[in-house]
Amino acid sequence: MADPKPEQSLVQVKGLKKYFPITQGIILQRKVADVKAVDGLDFEIRRGETLGLVGESGCGKSTTGRAILQLYRPTAGDVFFKGKDLCKLQGEELRKMRRHMQMIFQDPYASLNPRMTVGDIIGEPLEVHNISKGKEKKERVQELLQIVGLNPYFVNRYPHEFSGGQRQRIGVARSLAVNPDFIVCDEPISALDVSIQAQIINLLEELQQKFHLTYLFIAHDLSVVRHISDRIAVMYLGKIVELTDRNALYKTPLHPYTKALLSAVPIPDPVVEEKRERIILVGDVPSPVRPPSGCHFHTRCPIVMDICKKDDPAFRDVGADHWVACHAV
Amino acid sequence: MAQSDLFATRRQSAQAYILRRILTNPPAALGAIVIGLMFVTALFAPFIAPYAYDQQNLDQIEKPPSAAHWFGTDALGRDMFSRIVWGARSAVFVILMVTLVNLALGIPLGALAGYLEGWADTIIMRVADILFAFPGLLFVFFVASTIKPGVMHWARSSGLSELANTGYLDYAVVILALGVIGWAGLARLIRAQVLTIKQREFVLGARAIGVPTSRIIARHILPNAVTPIIVAMSMGLGDIALSEGYLSFLGIGLQPPAPSWGNIIAENAGRYWRQFPQMIWLVFIPGLVLAAIVFAFNFFGDGLNEALNPEISD
Amino acid sequence: MGTLLEVKDLRTEFHTQDGVVHAVNGVSFHLDEGETLGLVGESGCGKSVSMLSVMRLIPMPPGKIASGQVMFQGRDLVKVDDEEIRSVRGNKIAMVFQDPMTSLNPVLTINTQISEALELHLGMTKEQARKRAIELLKMVGIPEAEGRIDDYPHQFSGGMRQRVMIAMALSCSPQLLIADEPTTALDVTIQAQIIDIVKRLKRELGMAIIWITHDLGVIAGLADRINVMYAGFVIESASNKELFGNPLHPYTLGLLGSIPRLDAALKSKLTPIEGLPPDLIEMPKGCPFYDRCRYRTEKCANENPALELGAVRHWVACWHWQDVRKLRKQ
């Protein structure tokens, strides 16, 4: 947000696809189909910004984050980061790149090794990247604990001794340890209680300013994403359907799915709720194994046309950096 | 930051919690005491046993328990109490060595099979299946009747007759036989554990920060697989003690005069049947000791399992 | 309208290895016929446990209803025998849970599961029950209900399963439907569908609803009245509009300030509630919110405030609600 050159892009994603094969047979496994979790994404993440990635469960948003970081190797496409195509890096080269890109996970209970102390957890990235050892490492760990608002005295405790919000702070400290440029935040607050969520959101915002971080913020909650992001990408069934500035997305949404999504978000105000017109989508999200022909959204779209069933709409800039994939726009 | 967030919730040491749960579970606590006694006895056998295990006193043959001979004497006038005490040492030695062999084979093979999957997994697990399906006793017979005489012959002919005579080879046969059979079950268990733990998010988290594969297995996966391994092992230890007992009983394990509980039962069993019930102590006491150890390991293993997985007990 | 349910001084505790967990600490409220009551709070605030206690569905042991009355149609549900409570459950009071997959039996068809209650409570024959089950599925908007009634739970999506759960809950036309976070596991567009259905069914069938949730947005669009719970206490109770328009408890105010609103002007920062809820084993002597409260005084540390009237039909448990109101208005 407070970056001098906001237009400089840090991560470029080109034609990113991630298919998970479905296999059958016990001894001779053969592929019978693919789960097309991510089905061709093109976008960039600009230095110093927070790009929000929203969508419903199964839309591929988490897979996108993991495919960018090469935790899942993409089926096709390129991810350029710091002048290198991450999809082409292997083994040790890729491992060394992880110093510059980190991840914060959704579930603070599952993402910390229960058998390691907080000091070991936060110190591990320092050790495996040969950044610091011994006393120096210990001091850095304590500094990190302080940065995320935990008592440095906690280094010898285990994750189970902390609450959800505190564990998430530990996860944040671990991702900060190596001074990364880019952090994928994969639903970092959705497992937390309402009153704790705001603590973590504020922490992430503070850290972004302090350390000039770039975030890919993945979430299903549009209100939170709108609050924290500079630009927002909306995903549906493996594709980005709309990507623009947060204000534009809220004030002038162009894609019918974005509109429905916005109208479905409940607002904590009975007076507003009474007057709201909801666009209730029919049916469920189709299976990513057999996505609908043409536009993936056509089975639920309130303004579906004949062309939508045949042709997949192009993801294009309709002006003022507002990208959308819809035939009706 | 908020002051109150600086205070973590309940501070609780995992070890203290487990210990408390075992000690408040009577069968497990009893098991722990019996196991502890066996280890102490094994360690201090020379100080506890009033006589040497092979010391004969021909004036005192087949005497019932008395103040001088707590567990009586056998047909060769040896003190039964001393023999059982020394037997504990044999049992503990075999248990520990077999477990070591099991672990040394089972952990790396199981972990590799689970982490790598694919061909490595198929090969390792098929070998384990074969060992599992193969009758263990048969394997020991095979080792004892073919390999052992060969090695003995080689040892004598190459001037190592000392080695052949001291009985070390008997230990080696028992340990090797039980060790080679036993790893398969452990490897299966570890593989299953690794397969599940590999899917857990903290492993992905470790990959995300750039932890190398070998370190992921050693520091993130295996330590989390420890609980069921410990439980399976503590139950398996009783089985090893029992196996050593029946191998020696059948005469293919430790050879007399080595003091093994199985041996002691075998040596005296003939008499016991002929002169029932006069000589009952000769079989009854070593049998009871062996049974107590097997039960102790099982009780302790059950208690440990409940302590480590509190949700299953309630 | 008459009173349907009256809960008086309900206390539920769990006896665990670590000590006694005080989950519900003297909760009192009433519910009118046909009314929708929202029960709002974070995890561990006692909102689910209090309702499970009403249904006598908490596991005993370790759970225990330590005291209190649950008056429903002239009977105290805490005291009635097991047979009587079973005749109430699923029949007069039905419940819908957060995770439809764990509440549905995976090896039985939907027909078997819905018909069970109909045959049991209403004495229907198999054919009658099947016909009614199809009607119910249509009522909750399951397309091609006749074709899907013999399917198994795993053949339905999450949203459809929750509809099946609602159909099951409504099978015996209950007077009260308790919905325990029924949309929390669902996506927003599916959540909107379910809320839409529940609102319609309420209009058509006129049952009372207790809707348990942590989501203030969901409850704002649904409830007539709202109870806010914290650490096993009801700390504020008011009509929906009154609560959101004139929140008096610092915790309620804090909750509203800590969630970003989709329609509000963008703020640079949220105002979180700092700290953590109290340990339910070692409950503080005074106000349970004391540690996290910005209005706290000496008195709050020592005395736990009871609910008192702060405005018309608006109760609040805080020593300083008047200050809260003044400061909020500034």
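Owing to the predicted nature of the structure, the values given are computational and were not obtained by experimental measurement.
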Participant: With sequence neighbours left out, write down each residue that passes side chain to side chain donor-acceptor pair (under 3.5 Å) with A:Asp221, or none if nothing qualifies.
Facilitator: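 Scan of A:Asp221 (side chain to side chain donor-acceptor pair (under 3.5 Å), adjacent residues dropped) gives A:Ser223.
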Participant: For A:Phe211, I'd like to know if atom CZ has over 12 heavy atoms of other residues, nucleotides or ligands within 6.0 Å.
Facilitator: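 Yes - once you tally the heavy atoms of other residues, nucleotides and ligands closer than 6.0 Å, there are more than 12.
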Participant: For A:Val282, is it the side chain, the backbone, both or neither that has a heavy atom under 4.5 Å from a heavy atom of chain C?
Facilitator: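 Contact with chain C is through the backbone of A:Val282 alone.
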Participant: For chain C, which candidate among A:Gln197, A:Arg300, A:Arg276 shows the most heavy-atom pairs at distances under 4.5 Å?
Facilitator: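 The option with the most such pairs is A:Arg300.
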Participant: Please classify the contact between A:Ile267 and chain C as side chain, backbone, both or neither, with a heavy-atom cut-off of under 4.5 Å.
Facilitator: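 Answer is both: backbone and side chain atoms of A:Ile267 are under 4.5 Å from chain C.
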Participant: So which residues of residues 216-237 of chain C are in contact with chain A at a heavy-atom cut-off of under 4.5 Å?
Facilitator: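 When heavy atoms of chain A are the reference, residues 216-237 of chain C contributes C:Leu216, C:Gly217, C:Val218, C:Ala220, C:Gly221 within the under-4.5 Å range.
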Participant: Identify which part of A:Leu262 has an atom lying under 4.5 Å from any heavy atom of chain C, answering side chain, backbone, both or neither.
Facilitator: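 When you check distances to chain C, atoms from both the backbone and side chain of A:Leu262 fall under 4.5 Å.
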Participant: Should the pair C:Asp196-A:Arg278 be classified as a salt bridge under the 4.0 Å nitrogen-to-oxygen rule?
Facilitator: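 No, C:Asp196 and A:Arg278 are not salt-bridged.
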Participant: Looking at side-chain heavy atoms only, is the closest gap between A:Gln199 and C:Ser258 below 4.5 Å?
Facilitator: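 Not in contact.
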Participant: For chain A, which candidate among C:Asp263, C:Leu256, C:Asn240 shows the most heavy-atom pairs at distances under 4.5 Å?
Facilitator: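 Most heavy-atom pairs under 4.5 Å with chain A: C:Asp263.
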Participant: Determine the minimum heavy-atom distance between C:Gln193 and A:Leu281, stating which atoms define it.
Facilitator: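 The pair with the smallest heavy-atom distance is NE2-O, 2.6 Å.
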Participant: I'd like to check A:Gln166 versus C:Leu276 (side-chain heavy atoms, cut-off strictly below 4.5 Å). Are they in contact?
Facilitator: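 A:Gln166 vs C:Leu276: side chains touch.
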Participant: Rounded to the nearest 0.5 Å, how far does CG of A:Asn202 lie from CD of C:Glu274?
Facilitator: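 Rounded to the nearest 0.5 Å, the CD-CG separation comes out at 8.0 Å.
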Participant: Which residues pass the side chain to side chain donor-acceptor pair (under 3.5 Å) test with C:Trp315, sequence neighbours left out?
Facilitator: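 With sequence neighbours excluded, C:Trp315 shows a side chain to side chain donor-acceptor pair (under 3.5 Å) to no residue whatsoever.
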Participant: Sort and list the pairs that fulfil ring pair (Phe, Tyr, Trp, His ring centres under 6.0 Å) and have at least one residue in residues 251-272 of chain A, not counting sequence neighbours.
Facilitator: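 Listed once each, the pairs are A:Tyr236-A:Tyr257, A:His255-A:Phe297, A:Tyr257-A:Phe297.
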Participant: Pick from C:Pro260, C:Pro143, C:Ala192: which one has the most heavy-atom pairs with chain A under 4.5 Å?
Facilitator: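 Top count of heavy-atom pairs under 4.5 Å with chain A: C:Pro260.
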Participant: Tell me the closest heavy-atom pair linking C:Phe244 and A:Pro268, and the distance in Å.
Facilitator: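 Reported closest heavy-atom pair: CD2-O, 3.3 Å.
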Participant: When you compare the side chain of C:Leu262 with that of A:His227, does any pair of heavy atoms fall below 4.5 Å?
Facilitator: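 Contact flag for A:His227/C:Leu262 side chains = no.
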Participant: Most heavy-atom pairs under 4.5 angstrom with chain A, which of C:Leu255, C:Val188, C:Thr189?
Facilitator: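 Looking at each of C:Leu255, C:Val188, C:Thr189 in turn, C:Thr189 comes out on top.
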Participant: Could you tell me whether C:Glu144 atom CD has more than 12 heavy atoms of other residues or ligands within 6.0 Å of it?
Facilitator: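 At most 12 heavy atoms, drawn from other residues, nucleotides or ligands, come within 6.0 Å of this atom.
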Participant: I'd like to verify something: which residue of A:Arg226, A:Glu273, A:His220 has the highest number of heavy-atom pairs under 4.5 Å with chain C?
Facilitator: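 Of the candidates given, the most pairs with chain C belong to A:Arg226.
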Participant: Give a yes or no on whether C:Arg294 atom CZ has more than 12 heavy-atom contacts from other residues, nucleotides or ligands under 6.0 Å away.
Facilitator: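 No, not enclosed.
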Participant: Please classify the contact between A:Ile196 and chain C as side chain, backbone, both or neither, with a heavy-atom cut-off of under 4.5 Å.
Facilitator: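 Its backbone and side chain both get close to chain C.
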Participant: Evaluate whether atom CZ of A:Arg290 has more than 12 neighbouring non-hydrogen atoms of other residues, nucleotides or ligands under 6.0 angstrom away.
Facilitator: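 Counting neighbours around CZ of A:Arg290, 12 or fewer heavy atoms of other residues, nucleotides or ligands fall under 6.0 Å, so no.
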Participant: Where on A:Glu274 is there a heavy atom nearer than 4.5 Å to chain C: the side chain, the backbone, both, or neither?
Facilitator: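 For A:Glu274, the side chain is the part near chain C, not the backbone.
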Participant: Among C:Gly254, C:Ser43, C:Gly141, which residue has the highest count of heavy-atom pairs closer than 4.5 Å to chain A?
Facilitator: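 Heavy-atom pair counts peak at C:Ser43.
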Participant: Which residue out of A:Val224, A:Asp269, A:Val265 racks up the most heavy-atom pairs below 4.5 Å with chain C?
Facilitator: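 Ranked by contacts with chain C, first place is A:Asp269.
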Participant: Please state whether the side chain, the backbone, both or neither of C:Gln191 comes within less than 4.5 Å of a heavy atom of chain A.
Facilitator: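 Side chain only.
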Participant: Taking all non-hydrogen atoms of both residues, which atom of C:Asp187 and which atom of A:Glu56 are closest, and how far apart?
Facilitator: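 In this case the closest contact between C:Asp187 and A:Glu56 is CB-OE2, 2.9 Å.
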